[in-house]
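Source: prediction; values computed, not measured.
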Number of protein chains: 2
Amino acid sequence: MQQKMSENGAIPRQGKVLTVDTMNANVKKVDYAVRGPIVQRAVQIEKELKEGVKKPFDEVIKANIGDAHAMGQRPITFFRQVMALCTYPQLLDDNKFPEDAKNRARRILQSCGGNSIGAYTTSQGIDCVRQDVAKYIERRDGGIPSDPDNIYLTTGASDGIVTILKLLTAGEGLTRTGVMISIPQYPLYSASIAELGAVQINYYLNEEKCWSLDISELQRSLQAARKHCNPRVLCIINPGNPTGQVQSRQCIEDVIQFAAKENLFLMADEVYQDNVYAKGCEFHSFKKVLFEMGPEYSKKVELASFHSTSKCYMGECGFRGGYMEVINMDADVKAQLTKLVSVRLCPPAPGQALMDLVVNPPQPGEPSHQTFMQERTAVLSALAEKAKLTEQILNTVPGISCNPVQGAMYSFPRITLPERAISEAKAKGQAPDMFYCMKLLEETGICLVPGSGFGQREGTYHFRMTILPPTDKLKLMLNKLKDFHQRFTQQYS
Amino acid sequence: MQQKMSENGAIPRQGKVLTVDTMNANVKKVDYAVRGPIVQRAVQIEKELKEGVKKPFDEVIKANIGDAHAMGQRPITFFRQVMALCTYPQLLDDNKFPEDAKNRARRILQSCGGNSIGAYTTSQGIDCVRQDVAKYIERRDGGIPSDPDNIYLTTGASDGIVTILKLLTAGEGLTRTGVMISIPQYPLYSASIAELGAVQINYYLNEEKCWSLDISELQRSLQAARKHCNPRVLCIINPGNPTGQVQSRQCIEDVIQFAAKENLFLMADEVYQDNVYAKGCEFHSFKKVLFEMGPEYSKKVELASFHSTSKCYMGECGFRGGYMEVINMDADVKAQLTKLVSVRLCPPAPGQALMDLVVNPPQPGEPSHQTFMQERTAVLSALAEKAKLTEQILNTVPGISCNPVQGAMYSFPRITLPERAISEAKAKGQAPDMFYCMKLLEETGICLVPGSGFGQREGTYHFRMTILPPTDKLKLMLNKLKDFHQRFTQQYS
Ligand SMILES: Cc1ncc(COP(=O)(O)O)c(C=O)c1O
Ligand SMILES: Cc1ncc(COP(=O)(O)O)c(C=O)c1O
């Protein structure tokens with residue numbers, strides 16, 4: 001521990017304190033494809049375009065991330081009116097704002113310390129917002145009770161998901177917590193599992209059956225995992241990201257039964273709960289199904305479900321609003337959870353306020369109701385149309401096959417890649433679909449995420465593409481992609 | 001792993017998946033006094049008062065947390081105007097808003113995806129905000145360059161601090177990362193260290209010398225820690241929370257020299273950088289002093305410094321805005337940091353926008369400049385006055401002795417407790433100053449945090465009290481406290 005002085009008395013340069021070799025090893029293992037190398041390259045290309053570098057395209061189309069406003073979707077007027085009123089309450093005297101917007105703003109501000117959205121809130125979230133969330137859940141779930149005490153507001157759904165995974169991570173070696181996640185998955189899960197040093201357990205969705213979930217596959221995956229860790233958590237994303245499937249009621253019941261039988265904590269990621277497009281599909285919350293299965297389940301199965309302001313019809317990603325509801329959580333653990341979230345003081349108050357509006361939108365008879373409904377419907381029907389369009393156009397391309405986009409905001413088509421492309425990619429040390437997406441980006445400006453970023457069955461290749469660009473641009477993009485795919489296939493055949 | 005069926009075929013009730021015994025053991029070790037049992041009781045009492053329960057007081061005075069708006073401080077008009085414009089851009093056509101506010105809003109929106117504050121931002125934070133932060137740091141530090149690439153926007157300073165600690169936590173047993181923190185400390189540090197499973201290393205501030213930092217104490221503490229862990233990080237809070245001291249330039253230089261010599265990563269928590277009140281005291285950033293010490297230091301010592309929208313004159317806690325600047329961080333580690341923050345997508349965009357205004361406030365000649373300066377000065381001079389007042393009144397009470405509140409927002413007086421009170425507390429399993437604060441709350445409605453929540457030298461007792469209540473209320477509170485202390489001392493003598 002002693003320092004050697006150099007001859008001039010100066011302190012000898014030692015290496016850095018913090019290097020890749022001496023940093024947190026779990027953090028090194030984290031992978032996050034949605035904002036990975038493709039996206040970094042896309043940002044570079046945008047800069048190059050701005051600097052006048054000639055490219056075979058004029059703009060980068062970012063279909064890599066579920067970010068509706070970035071793709072031109074307009075915010076819901078009522079939401080932004082209330083947020084402006086909360087932010088600058090002098091506007092409460094302005095007769096340009098409708099009364100219902102003013103009433104919401106007043107109610108939210110009354111729940112804030114010093115009537116300011118600039119005060120820290122309670123760590124669990126503003127009381128009246130949690131009450132409104134509970135009422136929303138009750139309405140959504142046909143009257144099944146929800147307790148505001150079980151609601152935690154979060155900094156986006158991401159925050160809630162990481163927090164619950166954190167609570168659940170324990171043990172070492174064979175007893176280390178295992179977390180079952182679907183493959184393909186939303187990479188927040190694998191990233192958080194890596195960061196926490198938990199064990200990732202893959203179960204594969206059934207691409208042949210429209211990305212549905214088979215209990216036999218859950219069983220297989222669990223059995224295999226029990227040999228090397230302690231599986232304690234089952235994560236479900238419904239509607240699915242990146243795969244766009246919507247689970248049937250029956251399937252949810254089966255999953256709950258499975259979780260009960262196998263003593264698994266359920267995490268239901270339901271951030272796309274309003275994004276259901278396909279005929280015959282409907283959103284069923286895990287909470288509702290759980291309670292409809294009777295007390296044997298509803299009093300036993302531990303469940304955390306997550307929602308967000310980022311998706312659905314509002315797409316307010318930047319506000320980082322969200323909530324989670326915990327069911328059957330041990331009281332002492334809940335106290336620990338409350339303590340844990342208090343360390344970071346509170347989720348952002350504007351995000352909490354926005355979450356309030358999502359769960360308590362304008363009601364029939366209120367001045368803003370009609371506009372609100374028009375705006376909401378316009379967004380959701382455009383998405384439904386684009387979901388259909390995407391599937392249809394992609395399925396006209398030889399070598400691309402795309403399941404129906406039943407819900408959420410993404411297609412996840414399978415692509416056939418020529419052997420020569422695969423070996424060229426491997427020679428470069430790249431996943432073949434990364435190689436494909438990188439070339440697509442360079443040649444067309446279209447930015448997608450390769451399937452390898454989400455996980456997929458060995459030997460299959462995919463990409464994820466959002467359905468968010470405006471219809472015209474989406475069509476253009478799909479046709480560009482079609483051309484590219486044919487060119488690529490030819491080039492490597 | 002097999003399930004036994006009960007006779008009626010039902011699944012046997014097993015225990016919960018997640019219990020205090022099977023949860024994350026590190027989370028269990030986390031302690032967070034600022035929102036601990038005292039505050040929970042305060043919230044209860046408020047409810048009781050509302051329900052009409054008779055108490056010897058009419059309201060709870062929350063002097064437990066540095067939450068300016070909750071204590072009645074008004075937001076800075078310009079900041080809220082720009083935030084309202086960003087939130088509801090239709091207001092850009094409203095001639096009630098000054099042009100400089102509109103220009104800021106336009107500039108921020110142009111940097112947002114789809115020109116909406118509802119879009120996810122880049123994970124490191126909005127480009128133009130990071131550029132403005134860098135320019136602010138350059139101005140503040142007399143021209144020493146700052147690179148926007150070294151700036152990361154955060155969800156409050158809390159988020160940045162936890163992220164850097166996370167990167168630094170590695171090793172096992174004797175090689176486990178040790179983190180040096182001042183005692184008394186802001187409990188975010190001890191909580192995060194516990195959560196990450198790092199090793200907390202205490203160095204004591206010198207209460208006799210106005211809570212200053214002695215290098216000999218750093219040396220002692222480091223030497224002792226090296227026997228059982230790998231000390232790699234030195235955390236400094238300046239101006240100090242809970243102790244309110246402002247470090248001299250000389251002391252900062254000594255600390256930097258120490259960190260260089262002992263190969264420690266420096267974390268400088270400078271969220272109170274505008275909160276300096278005492279004559280002869282001045283804020284010196286670690287970055288500035290580091291660079292003034294010459295290339296031997298400025299090219300070597302690794303430093304992360306933190307700022308926030310929550311404190312200073314703006315007190316915008318609810319927005320959860322913040323930034324960190326990293327200096328001399330290894331390039332590969334920086335790439336890892338960028339990846340890590342991308343997992344949670346981005347900090348809240350409104351908080352980022354607000355951070356922008358803090359680092360780029362109205363300039364001389366702009367229409368909002370005068371009002372802005374008036375508002376800013378009013379807040380800071382009121383705080384300076386209250387800092388003085390607090391020290392003066394507290395020091396009139398026999399059995400209370402209070403160092404000057406040189407900066408930040410807190411006094412941390414030492415209290416003498418009668419032996420009988422100490423033994424009664426111990427019999428109840430309570431820290432003696434917790435016992436004192438609990439009684440104070442029940443009898444007067446004043447909510448403080450006991451010194452034991454921050455750490456203190458064995459056998460000494462303190463409490464932390466914010467200087468945030470309006471002057472009249474603060475005086476009232478201090479006098480109530482005076483009476484209480486005398487009563488308490490009598491009762492237990
Ligand atoms: C399935 C899923 N869960 C969670 C999230 C995180 O959303 P938030 O912005 O609320 O953190 C996303 C974002 O794309 C998602 O797709
Ligand atoms: C010293 C110190 N650091 C960090 C923080 C966290 O502030 P923020 O609201 O920016 O997370 C606080 C809050 O009180 C603090 O006192």
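Using a 4.5 Å cut-off between heavy atoms, Gln352(A) does not touch chain B at all. Residue Thr87(B) touches chain A through both its backbone and its side chain, counting heavy-atom pairs closer than 4.5 Å. Of the atoms belonging to Leu340(B), it is side-chain heavy atoms, and not backbone ones, that fall under 4.5 Å from chain A. Neither the backbone nor the side chain of Cys112(B) comes within less than 4.5 Å of any heavy atom in chain A. Interface remark: Thr175(A) contributes no atoms to any contact with chain B (heavy atom separation under 4.5 Å). Both the backbone and the side chain of Arg80(A) have a heavy atom closer than 4.5 Å to some heavy atom of chain B. When heavy atoms are compared at a cutoff of 4.5 Å, Phe97(A) approaches chain B solely by way of its side chain, counted from C-beta outward. The part of Glu195(B) that comes within reach of chain A is its side chain, from C-beta onward, which places non-hydrogen atoms under 4.5 angstrom from that chain. For Glu302(A), the part sitting under 4.5 Å from any heavy atom of chain B is the side chain, from C-beta outward, and nothing else. Residue Asn328(B) touches chain A through both its backbone and its side chain, counting heavy-atom pairs closer than 4.5 Å. Neither the backbone nor the side chain of Thr309(B) comes within contact range of chain A; no heavy atoms are under 4.5 Å apart. Looking at Thr155(B), the atoms closer than 4.5 Å to chain A (heavy atoms on both sides) all sit in the side chain, from C-beta outward. For Leu91(A), the part lying near chain B is the side chain, with the backbone staying farther off; criterion is any non-hydrogen pair under 4.5 Å.
Note that CE of Met83(B) is 12.0 Å distant from SG of Cys86(A), once rounded to the nearest 0.5 Å. In this structure, CG in Leu264(B) is found 12.5 Å from CG in Leu18(A), a value given to the nearest 0.5 Å. Met329(B) CE to Lys16(A) NZ: the interatomic distance, rounded to the nearest 0.5 Å, is 9.5 Å.
For Tyr88(B) and Tyr88(A), the gap between ring centers reaches or exceeds 6.0 Å.
Without hydrogens or angle criteria, Arg320(B) side chain to Pro347(A) main chain gives no donor-acceptor distance under 3.5 Å.
Taking both residues in full, the closest heavy atoms of Val27(B) and Gln336(A) are given as O-OE1, 3.7 Å, listed atom of the first, atom of the second, then distance. Pairing each heavy atom of Ser192(B) with each of Val343(A), the nearest pair is OG-CG1, 4.5 Å. The two residues Ala170(A) and Met23(B) have their closest heavy-atom pair at CB-O, 3.6 Å. The two atoms that bring Ala119(A) and Asp67(B) nearest to each other are CA-OD1, 3.3 Å, heavy atoms only. Of all heavy-atom pairs spanning Val333(B) and Val20(A), the tightest one is CG2-N, 3.6 Å. Heavy atoms only, all atoms of each residue included: Tyr120(A) and Gly66(B) are closest at CE1-O, 3.7 Å.
Ranked by non-hydrogen atom pairs under 4.5 Å with chain A, the options His69(B), Lys28(B), Lys62(B) are led by His69(B). Counting heavy-atom pairs closer than 4.5 Å to chain B, the top-ranked of the candidates Leu188(A), Leu168(A), Leu85(A) is Leu168(A). Per-residue counts of heavy-atom pairs under 4.5 Å with chain A were compared for Gly114(B), Gly318(B), Gly351(B); the largest is that of Gly318(B). Interface remark: of the candidates Ala191(A), Pro350(A), Ser158(A), Pro350(A) forms the most heavy-atom pairs closer than 4.5 Å to chain B. Top candidate by heavy-atom pairs under 4.5 Å with chain A, chosen from Gly118(B), Ala84(B), Gly113(B), is Gly118(B).
Here the side chains of Leu345(B) and Cys317(A) are not in contact, with every heavy-atom distance at 4.5 Å or above. Residues Ile117(A) and Glu316(B) form no side-chain contact, since every pair of their non-hydrogen atoms from C-beta on lies 4.5 Å or further apart. Between Asn24(A) and Leu167(B) there is no side-chain heavy-atom pair separated by less than 4.5 Å. Here the side chains of Phe319(A) and Pro348(B) are not in contact, with every heavy-atom distance at 4.5 Å or above.
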Take Thr22(B) and Arg232(A) through the test side-chain contact (heavy atoms from CB on, under 4.5 Å) and record every step on the way to the result. CA-CA 10 Å; Thr22(B) 64; Arg232(A) 301 176 71 198; 2.8 Å; yes
Verdict with supporting geometry, Arg74(B) and Ser116(A), side-chain hydrogen bond (donor to acceptor under 3.5 Å, both in side chains): CA-CA 8 Å; Arg74(B) 315 261 313 146; Ser116(A) 169; over 6 Å; no
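Remark: Lys96(B) engages Asp94(A) in a salt bridge, criterion side-chain N to carboxylate O under 4.0 Å.
Judged as a salt bridge (charged side-chain N to carboxylate O under 4.0 Å, His left out), the pairs with a partner in residues 154-164 of chain A (not counting sequence neighbours) are, in order, Asp159(A)-Arg344(B).
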